[in-house]
Engineer: 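Dumping the structure here so I can ask a few things about it.
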Amino acid sequence: MRIAEIYSSLQGEGFLAGTPSTFVRTSGCNLRCHWCDTPFASWEPIGADRSIESIFDEVESLRLQHVVITGGEPLIFPEVVPLCSRLRRSGFHVTVETAGTVLPSTNNWPSAGDHALADLMSISPKLSSSAPPADTPARWQQRHAAARRRDEILHALMAEGPYQLKFVIDSPADLTEALCWLNDLGIDSGRVHRERVLFMPQGKSVEELDRTTAWLAGECLRTGIQLAHRHHIAWFGHTRGT
Ligand code: SF4
């Protein structure tokens, strides 16, 4: 599988924010979000193909119990299944970050319990405002629109085990769309657990995050959805390898 980078840092988002972790960033994505903060793993993917054993050896050498498999979109790589299995069998806590638009390519899916892909499935569905401009080459606006929302896949991933569902919110229109989407997914009937949903402000600087958080906090209180910070921007800035 193609790997852009492997590094250690603190998790900046979600339930495990602050946890020292090794990040394995796969390179390649089936979407093209216009605000993508890792374009080197989507728009212009870098990196070389690596074997599972070489990835495992590098993760092991960094000596941290938590591992985050991120991207790009890790689930487009069939090898993510044996990699996660190898890591979990060796005692690592594995989080998989995905946009929730594809399922792992394996005959063993869905899995469960000790055989689940990850200890935490971190799903970040992409709202319509993530679309790239109409003049983007290779018909990426249409391809993005066709691929970005797959509710049946979100349900399959949430059924896999512990999960967090993270929506990046930039505007009141984003908020309205996320709440409608959650309604469609069944947040009121319990198919989606409200306490596992997070709203995060969009932004690549502390100032941008603060501007959105100023109005989003009140909306989180009103709707009963957890407000999640993006600590890594404040801790390290918008830089690679963090
Ligand atoms: S899904 Fe993630 S990695 Fe892919 S383009 Fe969107 S933000 Fe970037």
Side-chain angles (χ1 to χ4, degrees), residues 1-7 9 11-14 21 23-47 67-80 83 95-105 117-118 120-154 156-158 163-171 173-174 177-178 181 198-205 208-209 212 228-233 238-242:
M1 60 201 300
R2 193 172 187 181
I3 300 295
E5 57 185 358
I6 298 176
Y7 60 94
S9 186
Q11 293 193 42
E13 302 174 354
S21 304
F23 290 78
V24 177
R25 188 179 303 286
T26 60
S27 192
C29 187
N30 61 329
L31 299 182
R32 290 293 185 277
C33 304
H34 76 87
W35 45 254
C36 180
D37 58 0
T38 55
F40 57 93
S42 57
W43 287 90
E44 296 177 16
I46 64 167
V67 182
V68 180
I69 311 294
T70 186
E73 174 51 79
L75 297 188
I76 63 174
F77 295 98
E79 299 93 329
V80 78
L83 174 63
T95 298
V96 171
E97 293 193 325
T98 174
T101 62
V102 287
L103 289 178
S105 170
L117 184 70
L120 177 65
M121 193 66 76
S122 181
I123 312 164
S124 184
K126 300 299 180 265
L127 299 169
S128 54
S129 62
S130 65
D135 59 357
T136 307
R139 299 183 71 254
W140 267 114
Q141 189 186 56
Q142 294 91 329
R143 292 162 71 186
H144 182 97
R148 75 168 177 83
R149 179 169 172 172
R150 298 284 304 277
D151 289 7
E152 75 283 9
I153 289 179
L154 293 177
L157 293 170
M158 288 188 286
Y163 67 89
Q164 56 188 12
L165 197 58
K166 305 187 295 183
F167 287 85
V168 175
I169 307 289
D170 193 29
S171 67
D174 282 351
E177 184 179 340
W181 197 345
L198 305 169
F199 283 169
M200 300 189 308
Q202 159 71 353
K204 293 179 180 173
S205 69
E208 282 180 353
L209 293 173
T212 306
H229 291 295
R230 307 181 79 190
H231 296 288
H232 51 295
I233 304 277
H238 179 54
T239 52
R240 266 186 67 178
T242 59

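When a ligand or atom number is given, it counts from 1 through the structure's own listing order. No experiment lies behind these values; they were computed from the predicted model shown.
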Engineer: For atom 4 (Fe) of ligand 1, what is the closest protein heavy atom, and at what distance to 0.1 Å?
Structural biologist: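 Residue, atom and distance for the closest contact: Cys29 SG, 2.4 Å.
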
Engineer: Testing the basics here: between Gly71 and Thr38, what is the closest heavy-atom pair and its distance to 0.1 Å?
Structural biologist: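 For Gly71 versus Thr38, the nearest heavy atoms are O-OG1, 3.6 Å.
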
Engineer: Establish, from distance only, whether the side-chain atoms of Trp35 and Asp170 form a donor-acceptor pair under 3.5 Å.
Structural biologist: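 Absent: no donor and acceptor within the cut-off.
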
Engineer: Quick one: which of Arg32, Gln202, His144, His34 gives a side-chain hydrogen bond (donor to acceptor under 3.5 Å, both in side chains) with Ser130?
Structural biologist: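 Of all the options given, the one that passes is His144.
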
Engineer: Going by side chain to side chain contact (heavy atoms under 4.5 Å, CB included), Leu157 matches just one of Leu117, Ile123, Thr101, Val96. Which one?
Structural biologist: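 Testing each of Leu117, Ile123, Thr101, Val96 against Leu157, the sole residue satisfying side chain to side chain contact (heavy atoms under 4.5 Å, CB included) is Ile123.
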
Engineer: Begin with the C-alpha distance, continue with both residues' side-chain angles, and end with the deciding distance and a verdict on side chain to side chain contact (heavy atoms under 4.5 Å, CB included) for Thr70 and Val24.
Structural biologist: CA-CA 6 Å; Thr70 186; Val24 177; over 6 Å; no

Engineer: By number and element, which atoms of ligand 1 are closer than 4.0 Å to a non-hydrogen atom of Ser42?
Structural biologist: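 Counting from 1, the qualifying ligand atoms are 5 (S), 8 (Fe).
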
Engineer: Using a 4.0 Å heavy-atom cut-off, say whether Lys126 meets ligand 1 through its side chain, its backbone, both or neither.
Structural biologist: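 For Lys126, the contact with ligand 1 is made by the side chain alone.
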
Engineer: Considering only the protein, which heavy-atom contact is closest to atom 8 (Fe) of ligand 1, and what is its distance?
Structural biologist: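 Protein heavy atom with the smallest distance to atom 8 (Fe) of ligand 1: Cys36 SG, 2.3 Å.
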
Engineer: Between Arg25 and Glu73, is the closest basic N to carboxylate O distance under 4.0 Å?
Structural biologist: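 Answer for the salt bridge query: no.
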
Engineer: Any atom of ligand 1 sitting under 4.0 Å from a heavy atom of Ala41?
Structural biologist: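 No, Ala41 has no heavy atoms under 4.0 Å from ligand 1.
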
Engineer: Which of the numbered atoms in ligand 1 are under 4.0 angstrom from any heavy atom belonging to Gly72?
Structural biologist: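 Near Gly72, the atoms of ligand 1 are 3 (S).
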
Engineer: Using a cut-off of strictly less than 2.8 Å, determine whether Cys33 has an N/O/S atom near atom 6 (Fe) of ligand 1.
Structural biologist: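 Checking atom 6 (Fe) of ligand 1 against Cys33, an N, O or S atom does fall under 2.8 Å.
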
